[in-house]
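Naming convention: chains lettered A, B, ... in sequence-line order (proteins, then strands); numbering from 1 in each chain.
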Amino acid sequence: MFHHVRALRLTSCKFLCSHIHVQRRLFFLSAAASPQWRQTTDILLLCAAAQTLSQSQQIHAQAVLHGHLPRSVSISSALILSYANFYSQPSALYALFSQTLPFSRSAFLHNTLLRAYTVLASGSQKSYIDAARGFLIYNDLFRNTGFQPDDHTFPFVLKLCADFLERAKGLEVHGMLTKTRFNDDVFVNNTLLLFYGNCGDLGSVEKLFDDMPERDLISWNTVIRVFSDNGCWLETVGLFKEMVLVSRFRPNTVTVVSVLPVCAWLEDINLVSSVHCYVFKVGLDGEVRIGNAMVDAYGKCGNVAALSGVFEEMVERNEVSWNSLIGGLAYRGFNTDALDSFRLMINENMKLNSITIATMLPALVDLRFFSKGREVHGFSIKMGVDSDVFVANALIDMYGKWGHFTGASNVFCKMDLKNVVSWNSMIGNFAQNKRELEAINLVREMQAHGEIPNSVTLTNVLPACARLGSLYQGKEIHARTIRKGSAFELFVSNALTDMYAKCGCLDLAQNVFDTSLRDEVSYNILITGYSQTNDCHNSLSLFSEMEMVGMKQDIVSYMGVLTACANILAIRKGMEVHAFAMRRLSHEHLFVANSLLDFYTKCGRIKIATKVFDRIPLRDAASWNTMILGFGMLGEVGTAINYFEAMKEDNVEYDSVSYIAVLSACSHGGLVEKGKEYFDDMLAQNIKPSGMHYACMVDLLGRSGLMEQAVDLIKSLSMKPDANIWGALLGACRLHGNVELGCWAAEHLLELRPDHSGSYALLSNMYAEAGRWDEADRIRKLMNGRKVKKNPGCSWVQIQDQLHSFIVGQRLDPSLLLESSR
DNA sequence: GCAGTCCAAG
């Protein structure tokens, strides 16, 4: 019997002890007399192999009963480890340690407790408290005992430092082991590699790896892992090649499964294939983990044939293989195939796990199979994985994209362990569904819960601030990104630039732009931003600058710069852009063509606009609307109406904007009856009139002097009249000198737009024209009191290639004129 | 005593 046990222990008891064997031995031991217990080996074996908590407790009780505890260090240690493996009873661990009689404690017992805390701390859920307990035991070893740390102590404490990124402590331990000369030990150095790697200190990793007196297979695997974890993919592949070609070590399963994801991220199908060949050559192809990693790698490279081939040929498959298959298919959008495999997996009676669910859900979202997704949610509840972070986060995303906010927030609230992705998914749901305030508030709440917003949070919430125009919140977030350093990520700086631009703070937008990384998107944001301000000429210079810094203008750039040209009537510059776009064949893009129409009509070049329009092969509503608006603006009301009728015949889906265009044309031409007809026509089409439509109608009636009808229309509205409506009425009143009605309109207008200088000016001028000077003065004072600045009159001139803007009261630099005459 | 395949948010 003893020999049998001994042999087992020598060949690693963990793997050989079957459940039944342990049961039998336990039964035997509890029945037998105490001499059996002297065979410590036997007990250790049992402890190591104990497969349930109650077995360990049984052994524990027997040991106390037979008087081996609290004397035997071996038994205490074995029990401590056994308890730690069940992630339970942390108090029992320390009790076992402290109850062991002081004279029989040893460095070994300290090491065991330290190891146990390492196991507890670095389990599936990180436990900082157990990590702290581990560090206490390590410190205790120096201070309160007569023992010294040994080569078994350091790997554990270093693992804690590595897992918890305790950089200072790790450096201290490194110093200590140099002092105590344990730095020759290969185990210690391997863990040290991991520590430096996790801290991102690759320089130290490289140096240590070069200086290590001895390396083993694990050293190579660790260093490969560390480089891949730090995103140094080419270096990782280099190390792998060096290992194969130069070192005396042969890659094993761990090496291959570490290097394959790197080949996958590099999307280097040749690399994956060569590793695949190598695996065959050295006979590792039967390894299920390698097969799984292979399936995954081919999937990430988008080679569906190879992926399915490897999967088919695998001699052994587990649930990870199926998950990899499904994930690989879904990764490149083969969602239907992924769903088929998922069904097959169920039919084959494979065990689904949380990863299967978290892989399948996004594929179903992509397919818009939401009710199927809800079924999968049901599965996950049955399996008890619905509050797993990955599953729950995928569910939050799914319900959000489905528009089921209560579903999303139910999942979110039920999670007992949220992470930053959970918060970001919720924030994204709100931000992308026009619930901006909720998104912004959730960022605050997230911080109150101790979660730090990352770049994804910011790229989600900044557009929400932009849409709300809430500069204050945007600035608050900006300050935070500077503190956290994430403002330097391209995505974030672009979102910041966009937020400032949309809030109208182009100076701040420009500032972010000037101090951050830039790409084409950054330029487009500013070009578009400036095109909607008084600084349109900046759009033009940025457009040219793109060319100079080697960036290619795209559709968005053309659209932005053409809007700018239209706003400042920069005809020559706009035509240059047109020619430029033609050389790049970009003018064929519908959006660019529509921008050209807008530009030419606003500049009054209706003939060129017509030519551009005629050459658009497939016009959309915007193309037609722009032309109708253009003709209307130029007073060619008949043509505008003809275009509107032609549009209907062209089977283009005319929209509410089309009616704004045609109504404003009628209004310009004084065609009251025609306008009314179109308005009724619109109602008959079930197009809900907006404030803009009513404003057109008020304008139409008002211009023709039908003030009463205009007022009746305003009074009959079910909605609260907006600024456009009051503005239209005010304009009409000024035209017809109706001061009383004008005041009524203007007071409403100023209430809605207290910062709109034009309204004050209009009202004040109207009073002045009616000779009511004191009233005019009152309005001027009100405007000054509210600190409303009147936008100065501004004009532009193009001299040679340069566009110059100047405002009222400012003189053009004479040198420019000289230059132009040269 | 040290390394270890598959999953979620823009």
Integer-rounded Å distance: dG1(B) C1' and Asp150(A) CG: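 About 10 Å, once rounded to whole Å.
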Sugar-phosphate only, base, or nothing, as touched by Ala358(A) at under 4.0 Å among non-hydrogen atoms: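 Base, at least one base atom sits under 4.0 Å.
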Closest to side chain of Val257(A), choosing from dG1(B), dT5(B), dA8(B):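 Given the options dG1(B), dT5(B), dA8(B), the side chain of Val257(A) is closest to dT5(B).
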Rounded distance in Å - CD (Glu287(A)) to P (dG4(B)):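 Roughly 16 Å, once rounded to whole Å.
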Nearest-neighbour nucleotide for the Phe156(A) side chain, dC7(B), dA3(B), dG1(B) considered: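 Ranking dC7(B), dA3(B), dG1(B) by closest atom to the Phe156(A) side chain puts dG1(B) first.
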Side chain of Val254(A) (C-beta onward), nearest among dG1(B), dA8(B), dG4(B):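 Of all the options, the side chain of Val254(A) is nearest to dG4(B).
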Base of dG1(B) paired with side chain of Arg115(A) (donor-acceptor, under 3.5 Å):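 No, the side chain and the base share no sub-3.5 Å donor-acceptor pair.
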Nucleotide nearest Ile355(A) when distance is taken to its side chain, options dG10(B), dA9(B), dC6(B):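 It is dC6(B).
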No-H, no-angle donor-acceptor pair, Thr191(A) side chain to dG1(B) base, under 3.5 Å: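 A donor-acceptor contact between them is absent.
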Rounded distance (Å) that lies between atom P of dT5(B) and atom CG of Leu260(A):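 The answer, rounded to whole Å, is 12 Å.
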For Ser228(A), the option from Val223(A), Leu260(A), Leu239(A), Val262(A) that meets side chain to side chain contact (heavy atoms under 4.5 Å, CB included):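 So, applying the side chain to side chain contact (heavy atoms under 4.5 Å, CB included) to Ser228(A) and each of Val223(A), Leu260(A), Leu239(A), Val262(A), only Val262(A) qualifies.
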Backbone N/O of Phe156(A) and side chain of Arg115(A): donor-acceptor pair under 3.5 Å: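 Between the backbone of Phe156(A) and the side chain of Arg115(A) there is no qualifying donor-acceptor contact (under 3.5 Å).
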Atom of Cys199(A), atom of Arg167(A) and distance for their closest heavy-atom approach: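 That would be CB-NH1, 3.8 Å.
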Minimum-distance nucleotide to Val188(A) side chain [options: dG1(B), dC6(B), dA8(B)]: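 Per side-chain heavy atoms of Val188(A), the pick is dG1(B).
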Contact under 4.0 Å: Lys300(A) side-chain N or O vs dC7(B) OP1/OP2: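 Answer is yes, contact under 4.0 Å.
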Rounded distance in Å - CG (Leu496(A)) to C1' (dG10(B)):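 Taking atom C1' of dG10(B) as the reference, CG of Leu496(A) is at 14 Å.
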Protein-nucleotide distance (Leu462(A), atom CG; dG10(B), atom C1'), rounded to Å: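 The distance from CG of Leu462(A) to C1' of dG10(B) comes to 11 Å, rounded to the nearest Å.
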Positive for side chain to side chain contact (heavy atoms under 4.5 Å, CB included) with Asn393(A), one of Asn419(A), Asn424(A), Val411(A), Val420(A):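 So, applying the side chain to side chain contact (heavy atoms under 4.5 Å, CB included) to Asn393(A) and each of Asn419(A), Asn424(A), Val411(A), Val420(A), only Asn419(A) qualifies.
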Per His152(A) side chain, nearest of listed nucleotides dC6(B), dG1(B), dA3(B):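 Nearest to the side-chain atoms of His152(A), counting from C-beta on, is dG1(B).
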Phosphate contact (dT5(B) OP1 or OP2) by Arg317(A) side-chain N/O below 4.0 Å: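 Answer no for this pair, as no side-chain N or O of Arg317(A) is under 4.0 Å from OP1 or OP2.
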Nearest-neighbour nucleotide for the Asp296(A) side chain, dA8(B), dG1(B), dC7(B) considered: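 Out of dA8(B), dG1(B), dC7(B), the nucleotide with an atom closest to Asp296(A)'s side chain is dC7(B).
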Candidates dA8(B), dC2(B), dG4(B) - which lies nearest the side chain of Arg225(A):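 Looking only at side-chain atoms, Arg225(A) lies closest to dG4(B).
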Sugar-phosphate only, base, or nothing, as touched by Asn419(A) at under 4.0 Å among non-hydrogen atoms: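 Base, at least one base atom sits under 4.0 Å.
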Sugar-phosphate only, base, or nothing, as touched by Asp185(A) at under 4.0 Å among non-hydrogen atoms: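 Here Asp185(A) touches the bases of the nucleic acid.
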Donor-acceptor under 3.5 Å (Arg215(A) side chain, Asn190(A) main chain):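 No.
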Rounded interatomic separation in angstrom, taking CG from Asn198(A) and P from dA3(B):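 The answer, rounded to whole Å, is 10 Å.
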base_contact_polar (dA8(B) base, Asn424(A) side chain, donor-acceptor, <3.5 Å):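 Result: no qualifying N/O pair found.
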Listed nucleotide nearest any side-chain atom of Val320(A), set dA8(B), dG1(B), dT5(B):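 Selected nucleotide: dT5(B).
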Spacing of Ile290(A) atom CD1 relative to dC6(B) atom C1', expressed in whole Å: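 It is 15 Å, rounded to the nearest whole Å.
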Salt-bridge present (Lys207(A), Asp210(A); N to O < 4.0 Å):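 Looking at Asp210(A) together with Lys207(A), the answer is no, because their closest N to O distance does not fall below 4.0 Å.
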NZ or CZ of Arg435(A) within 45° of Phe405(A) ring axis and under 6.0 Å: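 Yes, cation above the ring, under 6.0 Å and within 45°.
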Side-chain N or O of Lys401(A) closer than 4.0 Å to phosphate OP1/OP2 of dG10(B):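 Result: yes.
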Side-chain N,O (Lys159(A)) to OP1/OP2 (dA3(B)) below 4.0 Å: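 Yes, within the criterion.
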Options dA8(B), dC6(B), dG4(B), nucleotide nearest the side-chain atoms of Asn393(A):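 Given the options dA8(B), dC6(B), dG4(B), the side chain of Asn393(A) is closest to dA8(B).
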Touch class at under 4.0 angstrom, heavy-atom based, for Thr459(A) against every strand present: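 If one applies the 4.0 Å heavy-atom cut-off, Thr459(A) turns out to touch a base.
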Separation of atom CG in Leu208(A) from atom P in dC2(B), rounded to whole Å: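 Going from CG in Leu208(A) over to P in dC2(B) covers 17 Å.
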Touch class at under 4.0 angstrom, heavy-atom based, for Ser324(A) against every strand present: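 Here Ser324(A) touches the backbone only, sparing every base.
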